Amino acid sequence: MMRSFWRSVDRFSVLHFRSVIDELKQIKVVNMRNRELVLDLLQSVVEIITYGDKHDPSILECFMDRQVVAEFVRMLDISENSRIEAPLLQYLSIMIQNMDNEHAIYYCFSNGYINSIILHPYELDGGDLAPYYVSFLRAVSGKINRDTLCLLVNVHGDAVVSFPLYTEALRFAHHEEKMIQTAVRTIVLNIYNVSDEMIYKFIMTPPVSDYFSVMVGRLREMCILLDAFLHEKGDMDTQKRRNGLILESDKIIDELYYLKDILSVDEPRLNQLVTENLLNGLVFPVLFSLPASMNNNGSDLSAITSLYILSRLLQVVGGRSMINNVAGVILYHFLNLNARTLSEGNASDSSNEVKPFSKCLNEVEKIISYAPESKGDGNINGNYLDSLLEDFRTRVNISCLNGDICPKRQGILAFVFSEDQCLLLASTFLLLILAESKDLDSLLAPMIRLYQTQDAMTNDTSTSKSLDASIFGGFMPEILNALLKVLAFQESHSPEMLWHAGWCLQKLLNFCREGLDDDNLLLFNTAYDHSHVHFLKELDGVWFDHIPDIVRNEWSSCTKVLEQSSQYKDPIFMLELVLPQQSTNGQTSSCFAWQKTVDAVKAFILHFQLKTFIFERELAENPLIAISSNDSGVICSSNVSSASFGSNVSLESGIPCTIAFSNAEIRDVYVVPMVHKNTGKLLLTEKHPFRSRHGVVIAIAPLAGLCPTIDKDHPSWLHLRIREFNPKLYATKAKGDHFSMPDHFVDGRWTLGFPDAKACKDAHLAILREITKQRSAVEATLAPLLNYDLGLAEENREK
């Protein structure tokens, strides 16, 4: 009976819920003395409602009948410096996020409760309240639909006059915390995706619509900051500057993806408004200032940054409107040249219908002025565009009145044929993005096409003229020649620039059926011979034993680069190419020798792949792929695979000598040079205390890179250089932490003392003999690659 009297109340029952609400209603003021009690009551309310939403409809009925949300509003109003706002907003967010009952959601949004909470005078400047507030707004936006959205707006007549959820969220659109920015974007996209007619009118009416122009303005400022960082003068480390560029460019890419998300909303008027702001605020100013940016005169952005921004924009945002507006302006000068040349060359051919230049120009300006996605509903700020076009005509020296043919190498061609190889690669990359786009207008496509369409193949004459009239068709030999010059003068370029030039070259050759003409083929063969010579020279270098592994690793990387689509190739390479290369300052340490070897191998692999593609129209498989590491057919003197510090080895081939380590006395040791396949080691051993013909390994050095040298003043001394640089450790750090080459790196030095000059000379010869064996093993491993190379050369001579 007593057990029944003390029976506990079910905390998730309607009865308990009512008692919690009654207790909450008795609160007259919230201060620091009752703050914890109020928060406990609010937490209990949220827990019970969340339970009732899933399991007990009667709880939700009580929730709506007792006007519980109004109590949350009241707690905010009667709070006296109790700092209750943050946890209250958090509880509301949890409640709304977990609420699935449509009637309960409708009740929450009705009676202006949500708007009252949104418009409460919070102290959002400083402190940690902003994340809770924005999180609450996001929770609300996640539950809106066409039925509930009308409960969150204030309407006068047929127009929305205020929408607190949207306007208050936009206050945090450019907040310094990334998490808050992301939450605001989620809120905005949730609202846009509801597709309510009255809301769209409100969004697209000033001053609310200023959000888009401000967003594009900030994006342009980011581009200017990126350009300033790129060209900043100072002693900043190259790798740090590269990391900074990646960080700044990631901010721009993030903004572009957000714009892409907005444009993905199925609302033509919203798309047109965003496109108009993006074109007028960023794209057209960048495009029309390109002629000035070439000389860094009168432009906010340098040419290389402008080309990067345009390339990124086309890759991320894309769309028919953006593609054709960019293409229309870029091909503007070429259309002038093309139309005039065709008109003069075919003046006597009455069967050839060549549009007058003015008509072609008008059609291109229509493409630039109208957004295809808008389906003809209005043009993009015609007066503004007219002024920009007029300025652009002046900059590129286009005159429609005097009849003079424009110089060929102006407009975009000025960048393609620039002496600055960075501009060459960047402009060619931009043209390839446009050429491979499926959204290009039918008027513009023939001016930049890389290949014949199926329909065009039915008319050989028109196809030939069309291809010759395109940028790539009319200037293909010159463009290929410009790219080949980058490869030919490879000593002054980084491997990354060579690989990007190779990518452009292979992309163009893929659509050039004629291949290289005699002059360009000679230029390529010269470039190939240079890379081959540098590759073979590294077989006599410090890191020859690592060359097979470098080939295996870099082969797949090179193939991946060459096979990349222009849509997915990261244009950040444009900015990285501008950065100064890390200087070796004449250093000869193994650290810099390693980078030199890697660069030579990367350059040779690129030329090898391009040579295969030129003659066989496909990329080659790695000839070393079937050969395991350290595998060769050469029989060597000893097996060193098990030799390690402290192990026992035979002293049959050991050479007695002395050595003095730092802070230690002179020690009697044996030098044992040993080779097994591609691996070579120099062992320093001390005589075993119990086994007279064996020694204990006390130090190990790689055989390659020793560079044994007899001291001129002391002919019984032998100097050895020890490679201290660890490529595997460097690769791991470079991959994970953008680790850069150290500015200064000192190799180890051993000086061995022998009884006399003859013993020293014999030891010197013994070490060189083992190094030669190891080099022969490496050459045997590389034989499939070099033999394949000889086969290509023979095939080249036959052709």
Side-chain angles (χ1 to χ4, degrees), residues 238 421 484-503 505 523-562 576-577 581-612 620 622-624 629 678 702 704-705 707 721 723 725-728 730-731 734 740-741 745 747 771 774-790 792-793:
T238 299
Q421 281 80 15
L484 287 169
K485 286 180 179 178
V486 177
L487 300 180
F489 298 98
Q490 53 195 265
E491 292 86 351
S492 58
H493 302 308
S494 67
E496 288 73 22
M497 177 174 283
L498 297 180
W499 277 22
H500 295 305
W503 178 85
L505 183 66
L523 187 58
F524 172 77
N525 286 332
T526 301
Y528 178 85
D529 290 341
H530 286 167
S531 69
H532 187 255
V533 168
H534 288 304
F535 177 75
L536 294 179
K537 187 182 294 184
E538 290 304 315
L539 288 174
D540 294 324
V542 175
W543 293 96
F544 71 84
D545 54 327
H546 280 66
I547 289 180
D549 289 333
I550 298 174
V551 170
R552 293 187 189 94
N553 295 334
E554 298 297 340
W555 195 284
S556 58
S557 299
C558 181
T559 303
K560 183 178 180 181
V561 167
L562 292 177
E576 291 179 338
L577 293 179
Q581 297 300 309
Q582 187 168 355
S583 175
T584 61
N585 295 322
Q587 296 196 35
T588 59
S589 69
S590 60
C591 170
F592 295 100
W594 165 261
Q595 192 60 55
K596 180 172 174 288
T597 300
V598 172
D599 292 350
V601 173
K602 292 173 72 172
F604 177 69
I605 291 175
L606 171 68
H607 286 81
F608 186 95
Q609 286 283 37
L610 291 176
K611 186 173 183 178
T612 305
N622 188 349
L624 307 186
S629 182
N678 289 351
C707 301
R721 183 176 69 176
R723 294 187 324 208
F725 180 69
N726 188 336
K728 292 183 179 180
Y730 163 72
S740 60
M741 278 286 187
F745 199 94
D747 287 321
I771 292 176
Q774 185 183 9
R775 184 177 292 109
S776 298
V778 170
E779 291 174 349
T781 302
L782 296 173
L785 174 63
L786 300 177
N787 291 340
Y788 189 84
D789 179 31
L790 291 175
L792 283 177

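Only this structure's heavy atoms are used, side chains among them; waters, hydrogens and symmetry mates stay out. All values derive from a computational prediction rather than experimental measurement.
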Between the OG1 atom in T526 and the CZ atom in F524, the distance rounded to the nearest 0.5 Å is 10.5 Å

Review point. Would you call D599 and K602 a salt bridge, using N to O less than 4.0 angstrom?
Key: no

The ring pair (Phe, Tyr, Trp, His ring centres under 6.0 Å) partners of W499 (sequence neighbours excluded) come to none

Test Y528 against L610 for side-chain contact (heavy atoms from CB on, under 4.5 Å), laying out the working first. CA-CA 9 Å; Y528 178 85; L610 291 176; over 6 Å; no

Please work out whether the ring planes of F725 and W543 are parallel, tilted or perpendicular, with thresholds of 30° and 60°. perpendicular

Salt bridge (charged side-chain N to carboxylate O under 4.0 Å, His left out) filter on E554, not counting sequence neighbours, yields none

Here the salt bridge (Lys or Arg N to Asp or Glu O under 4.0 Å) pairs for residues 525-539, sequence neighbours left out, are E538-K596

### Task
Could you tell me whether a side-chain N or O of D747 sits under 3.5 Å from a main-chain N or O of S590, the two making a donor and an acceptor?
yes

H546 meets the side chain to side chain donor-acceptor pair (under 3.5 Å) criterion, sequence neighbours left out, with none

Taken to the nearest 0.5 Å, the spacing of K560 NZ from S556 OG works out to 8.5 Å

For H530, the side chain to side chain donor-acceptor pair (under 3.5 Å) test, sequence neighbours excluded, returns none

| said: Contact between L785 and F604 at the side-chain level, heavy atoms closer than 4.5 Å - yes or no? | reply: yes

A704 meets the side-chain contact (heavy atoms from CB on, under 4.5 Å) criterion, sequence neighbours left out, with F544, D545, R723, Q774

Residues at least two apart in sequence or cross-chain that pass side-chain contact (heavy atoms from CB on, under 4.5 Å) with A527, listed by chain then number, are L487, A488, Q490, H607

Output for pair (D549 CG, T781 OG1), nearest 0.5 Å, gives 9.5 Å

Would you say H493 and Q421 make side-chain contact, with heavy atoms under 4.5 Å? yes

For N678 and P548 the tightest heavy-atom approach is ND2-CG, 4.1 Å

Residues at least two apart in sequence or cross-chain that pass side-chain contact (heavy atoms from CB on, under 4.5 Å) with L536, listed by chain then number, are H532, L539, L786

If you define the side chain from C-beta out and look only at heavy atoms, does anything of L606 sit under 4.5 Å from S531? no

With sequence neighbours left out, the residues meeting side chain to side chain donor-acceptor pair (under 3.5 Å) with T559 are Q609

Q | Side-chain heavy atoms of F608 within contact of C558, under 4.5 Å | A | no

dist T597:OG1 -> H534:NE2 (nearest 0.5 Å) comes out at 12.5 Å

d(L562 CG, L505 CG) to nearest 0.5 Å is 9.5 Å

